[in-house]
Amino acid sequence: MESASFPEGLTIEDSSYYFDGVELKTLAQEYGTPLYVMSETIIRRRCEELRRCFLMRYPGTRAYYASKAFQTPDMLRIVTDEGLGVDVVSGGELYVALKAGVSPSDIIFHGNAKTDQELAFAVEAGVGRIAVDNLEEVYRIEREAAKAGKTQAILFRVTPGVDSHTHRFISTGSLDSKFGIPLEPTETDHYIEALAACPHLDFAGLHFHVGSQLLENTSHMAALRIVLSFAARLARDFGLVVRELNMGGGYGIRYLPEEGAPSLSEFIDPLMTTIQEWSTREKFPMPACAIEPGRWIAGEAGLTLYQIIAVKKIPGVRTYVAVDGGMGDNIRPALYDAKYHAAIVGRTRGQGASAGRVEAAASERPPRPVTIAGRYCESGDILVRDVSLPAPCPGDILSLFSTGAYCFAMASNYNRVPRPALVMVKNGKARLSVRRETYEDLCLRDMCCSFGK
Ligand code: LLP
C-alpha cells in the first residue's frame, strides 16, 4: 500500500483511493455527491497531540474546541470525549452543544454582538465563561446574572493591537477590529470601574485571539507580551488577579501539498515559556492558560467529494471542469481567495458521448492544468484555479482536501441547492453523520400567504 504524505489519511491501493480506510468512490456511490467526509481518526489524533503537547506538558491548562469551525453533535461528542471544552459563539451553537451533552461549565461563550436573549440563555444554562467584548456587555451580563441569582465568571477579550499575517477578513487582533476591548488605558479603566459595580460578576482573567490560519507565532508572541503587561497593570494598580489567560486559536494547517505548517508545540512552547518567565520575574501566580483551536483540529480531518458534471475546453484560454457543488458548500475560495488541492479519486465509465473515453483518457493523457468551477450562478464560484488533473471526464469523482473546517459550517442554500450530507469515517468504517438536505427541507420555512390583490 502506498501512503501519500498529503493529505493525511489518504491511501491508494490498486488505483483506488481510501480515506481513513474507506474507499472514496464507494462513499460517493452510496451517499451521493457533493459529500463531506470527516475522519474520526484524524480528529482524535489532533486531540491526542493537543493533550500531549499542551494539557499534559503544562499542568493546569485547558483547551476549548472552537466549534464554529465545524459543529455537529457527533463532533462535539468526540472532542468532549477527548477532554476538550467547547467555544460557542451564538445561541444556536450553545443550544446544539447543550443538546449534544456538553457540560455547561466546559463552555466558553463568545461574540461581539450577543443579544439579551443569548446572554440570558448562557447565564441560565450555567456556561463556564463568557468572554466580554464591549463595555455595555459588562452591565448586561451583570443584569442577567442578578436575575438568575448567579455569579457569572467572565473574561475580558482584549485587542492587543498587533497585525497578523493572514487574510484581512480573518485577522482579529489589530486595534481597528470589531472584536474585543481596545487595550488603551483610557478605555480599559471604564471596564475596571464597571467590574466594581457588578457584584454578580467574577473576573476570571483575559482572552485574546489574533487571527486565523497563522503559519508562524509572531503575532501571538507580540500579543502575549502586550497582554501580560496589561495583566501586571491590573494586579499592581487595581488588585485584579488574572487567574486565567486564554490565547484563542488561529493555528494554521496544510491546504496544499507544497505547504508546511508548524507543529502545535512549535507554536505553543514559546508562548508558555514567556508566560512562565513573566510569572517568575513579576512574582505573579502562573495563570491557568487556555487555547481555542478550531481549524487545527477539524481542517485536515475533512475532504469533500464532488462529481464532475461537465468539461469545457475554451481553446487558447482554459479548461473548466464543472462539478456538482461549489460556493454553497465551500465559500472559502470566493470569500478569502483560499487555495485547495484537488485530485480525481474515482473514475466512472461516464455517460453518453463520453462513455468509453474515460479509461483510454486516464491511461494515455498526461495531467493538464484545469480550473474547477462550481455549479452556482456566479462567475466567482471557482473552487480551484490551475490544478493539474489527468483527463477529467464527466462522471469522475473529484476530491478537495483539507475542507474539514469552515466549509460545512459556512454552507448556504444559494440557488436553493440542498446542502450535502456528511459522513464520518474511522478505520475502514463509515456512518452517516448529517443527512443530505431534501427539496422538502428547502421549503420547510416558507409561509404560503398573501395580502390578496
Ligand atoms: N477563538 C476565537 C475567539 C475565534 O474568533 C476563533 C475564530 C477561534 C478561536 C478559532 O480559530 P481557528 O483556530 O479556527 O483559526 N471563516 C474563516 C475563519 C474565521 C475564524 C473566526 N474566529 C475561514 O474560513 O478561514
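Just the heavy atoms: all of them, side chains too, but no hydrogens, waters or symmetry mates, feed the values below.
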For the side chain of [X] and the backbone of [Y], is there at least one donor-acceptor N/O pair under 3.5 Å apart?
X	Y	result
Thr304	Leu35	no
Ser39	Asp20	no
Asn330	Cys407	no
Arg51	Glu82	yes
Thr274	Pro270	yes
Glu244	Pro287	no
Lys429	Lys426	no
Asn413	Val417	yes
Gln213	Gly250	no

Is any side-chain heavy atom of [X] closer than 4.5 Å to a side-chain heavy atom of [Y]?
X	Y	answer
Val370	Pro392	yes
Ser67	Val88	yes
Ser433	Met38	no
Val96	Gln71	yes
Met327	Ile382	no
Leu215	Ile253	no
Asn246	Leu155	yes
Leu183	Thr159	no

Presence of salt bridge, [Y] and [X], under 4.0 angstrom:
X	Y	value
Lys150	Glu144	no
Arg431	Glu40	yes
Arg436	Asp441	no
Glu300	Arg254	no
Arg140	Asp116	yes
Glu48	Arg44	no
Lys178	Asp133	no
Asp81	Arg77	no

Checklist entry - Stepwise, does the side chain to side chain contact (heavy atoms under 4.5 Å, CB included) test hold for Val210 with Leu214? => result CA-CA 9 Å; Val210 284; Leu214 300 175; 3.7 Å; yes
To the nearest 0.5 angstrom, please state how far the [atom1] atom of [X] sits from the [atom2] atom of [Y].
X	Y	atom1	atom2	result
Trp296	Ser212	CH2	OG	14.0 Å
Leu94	Lys99	CG	NZ	13.0 Å
Leu422	Asp74	CG	CG	8.5 Å
Asn415	Arg375	CG	CZ	7.0 Å
Leu389	Ile308	CG	CD1	6.5 Å
His341	Glu258	NE2	CD	8.0 Å

What residues form a side chain to side chain donor-acceptor pair (under 3.5 Å) with [X], not counting sequence neighbours?
X	answer
Lys339	Asp337
Tyr414	Glu378
Glu23	Ser16, Thr26
Asp386	none

The complete set of ring-ring contact (aromatic ring centres under 6.0 Å, His included) pairs with one or both residues in residues 45-99, sequence neighbours excluded, reads Phe70-Phe408
Residues 98-127 vs ring-ring contact (aromatic ring centres under 6.0 Å, His included), sequence neighbours excluded, gives His110-His207
Partner residues of [X] under the ring pair (Phe, Tyr, Trp, His ring centres under 6.0 Å) criterion, sequence neighbours left out:
X	result
Tyr17	none
Phe19	none
Phe203	Phe156
Phe267	His220, Tyr251

Verify side chain to side chain contact (heavy atoms under 4.5 Å, CB included) between Leu24 and Leu303, making sure each step is shown before the conclusion.
CA-CA 10 Å; Leu24 290 175; Leu303 56 77; 4.0 Å; yes
Note to self: Between Tyr255 and Tyr340, is the ring pair (Phe, Tyr, Trp, His ring centres under 6.0 Å) condition met? List the steps.
What the structure shows: CA-CA 6 Å; Tyr255 280 99; Tyr340 284 91; 5.3 Å; yes
Could you please spell out the steps behind the salt bridge (charged side-chain N to carboxylate O under 4.0 Å, His left out) verdict for Glu292 and Lys68? CA-CA 11 Å; Glu292 286 167 349; Lys68 75 203 77 174; 5.9 Å; no
Checking side chain to side chain contact (heavy atoms under 4.5 Å, CB included) for the pair Gln307/Val323: CA distance, chi angles, key distance, verdict?
CA-CA 6 Å; Gln307 187 185 150; Val323 297; over 6 Å; no
Residues at least two apart in sequence or cross-chain that pass salt bridge (Lys or Arg N to Asp or Glu O under 4.0 Å) with Arg45, listed by chain then number, are Glu8
Contacts satisfying salt bridge (charged side-chain N to carboxylate O under 4.0 Å, His left out) that involve residues 409-423 (not counting sequence neighbours) are Arg416-Asp446, Arg419-Glu437
Distance-only polar pair, side chains of [X] and [Y], donor-acceptor under 3.5 Å:
X	Y	answer
Asp202	Gln152	no
Ser263	Glu266	yes
Glu184	Thr186	no

- Message: Pair Met424, Val37 - check side chain to side chain contact (heavy atoms under 4.5 Å, CB included), show working.
- Response: CA-CA 6 Å; Met424 192 65 83; Val37 184; over 6 Å; no
